[in-house]
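A short worksheet on the structure shown next.
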Amino acid sequence: MRGDSRPVQCCVARMTKYNASIQSTLRQNLLDWFDSHQREMPWRSEKSLYRVWVSEIMLQQTQVVTVIPYFERFLERFPDVESLAEADEATVLTFWEGLGYYRRARLLHQAAKTIVSDFGGQFPKSFDAVLGLPGIGRYTAGAILSIADNQPLPILEGNTIRVHARLAGVTGDVQKSGTQKSLWSLATSVVDPERPGDLNQALMELGSEVCTPKKPQCGSCPVHGVCNAFQTKRQLELPYSSKKIRLTPINESVILIQRRGKFLLRQCLDGERWAGLWDFPRFQTDEDGLHSDLEAMVHASTGLSVEIRDTGWSTRHGVTRFKIHLRCWVAEKVQGRLRKTQENIQWVDRHKFEDFPMSVTGRKVATELDSLITSQALFP
DNA sequence: AATTCGGGGCC
DNA sequence: GGCCCAGAATT
């Protein structure tokens, strides 16, 4: 197929499966490499469907080094499906705090309940049943069953998209469905019949440790001999994506409202950012972090009448896709009483903040509260 | 097919 | 400051 006089790009762009020879080389070399180079991970040393499931959910859009401490704590508190299913959602969220994409935790919790009610507490082994669980898509179902039950199923995610695009010279826009189809086809053709889980992990491990986005270590790559991108020196051009990440600037303020030593927290509603987590009342402000009628905003959101006392402290926190300009105001005097509202709001002693799963910015404010409220800037 | 959802690692 | 990360659900 390759090696004739036609441009390489033309031929390989249409190659959507590895031929038998390349399949064999990929499997052999990658499994050998994986046996000697794989990193230690807590879900590898002790393997079960439950542990691999939890790890795969945590690993969605999240790097291994970030996940490991969360995984350890989570498994200590929720060692099996039953303990997870029985827990309150708020408790589950507490152990997810700081990891991001909190819907993952809520769906994980829902799925645990489903497994108890519909599968007798045993994580299912049928691909369709697993795919039907909330929070589990094509990648995660294949990953769990191949890794924890050695089922010959393909996977495709960030790392392996890059690996396959380079190995096979896939030049199409990776966002396009046609390109995705080609990549899934490549992934399917390389599935190892003997050790599918190890080969899948080897592909991902290669993508994160060797076949990296910026500085791929092709010299130490076990499969550079069959890599189209390496042969044509296009490692840095593949995979191609036309999509550019854009940031949306956000200016928001949180307001510290205290009464009798307690502070007002509200639980973020479904549909808004940090759904289910707790936060200080938060409002949109202008570019300078100011709002023309902050007291009215507080009243509108919480049903409380407040008197804004000072505006002495500010900090910034950058979040991917958002930039939050965070300012805090302290309202010392609250005239109104707590009213019944749609919002789930609560007066919380500052020493009890740790009992609430919080947004990262909310946690930051909570952690620095002591220095904030004793600051001379706030109480001149 | 495009958006949304977080936070951190890494250059 | 930008890009990327063991993606899924929603619109």
> Under the side chain to side chain donor-acceptor pair (under 3.5 Å) rule, what pairs show up with a residue in residues 87-98 of chain A, not counting sequence neighbours?
Replying inline: A:Glu89-A:Arg106, A:Glu97-A:Arg363

> ring-ring contact (aromatic ring centres under 6.0 Å, His included) with A:Phe78: which residues, sequence neighbours excluded?
Replying inline: A:Phe74, A:Phe95

> Does any residue of residues 142-158 of chain A have a heavy atom under 4.0 Å from DNA chain C, and if so, which ones, in number order?
Replying inline: A:Glu157, A:Gly158

>> Please tell me if A:Thr140 has a side-chain N or O lying less than 4.0 Å from either OP1 or OP2 of C:dA6.
In response: no

>> What contact category does A:Gly207 fall into here, base, sugar-phosphate, or nothing, at under 4.0 angstrom with non-hydrogen atoms?
In response: nothing

> How would you list all residue pairs meeting side chain to side chain donor-acceptor pair (under 3.5 Å) that involve residues 151-162 of chain A, not counting sequence neighbours?
Replying inline: A:Asp149-A:Gln151, A:Glu157-A:Asn159, A:Glu157-A:Thr160, A:Asn159-A:Arg162

>> Would you say A:Trp96 places a side-chain N or O within less than 4.0 Å of OP1 or OP2 belonging to B:dG6?
In response: no

> To the side chain of A:Tyr102, which of C:dA6, B:dG7, C:dG7 is closest?
Replying inline: B:dG7

> Among pairs that include at least one residue of residues 123-168 of chain A, which meet ring pair (Phe, Tyr, Trp, His ring centres under 6.0 Å), considering only residues two or more places apart or in two chains?
Replying inline: A:Tyr18-A:His164, A:Trp53-A:Phe123

> Should A:Gln63 be listed as having a side-chain N or O under 4.0 Å from OP1 or OP2 of B:dG8?
Replying inline: no

> Residues two or more places apart in sequence or in another chain: which of them pass ring-ring contact (aromatic ring centres under 6.0 Å, His included) with A:Phe71?
Replying inline: A:Trp43

Output side-chain donor-acceptor pairs under 3.5 Å for residues 213-226 of chain A, partner residues at least two apart or in another chain, one line each.
residue, atom, partner, partner atom, Å
A:Gln217, NE2, A:Lys215, O, 2.8
A:Ser220, OG, A:Gln217, O, 3.3
A:His224, ND1, A:Cys218, O, 3.4
A:His224, ND1, A:Cys221, O, 2.8

> Which pairs, with at least one residue in residues 107-118 of chain A and sequence neighbours excluded, count as a side chain to side chain donor-acceptor pair (under 3.5 Å)?
Replying inline: none

>> Please determine whether any donor N or O and acceptor N or O are separated by less than 3.5 Å between the side chain of A:Thr62 and the base of B:dG7.
In response: no

>> Counting only side-chain heavy atoms from C-beta out, which of C:dA8, B:dG6, C:dA6 sits nearest to A:Glu205?
In response: C:dA6

Taking N or O atoms only and anything under 3.5 Å, show me the protein contacts with nucleotides 9-11 of chain C, one pair per line.
residue, atom, partner, partner atom, Å
C:dA9, OP1, A:Gly135, N, 2.5

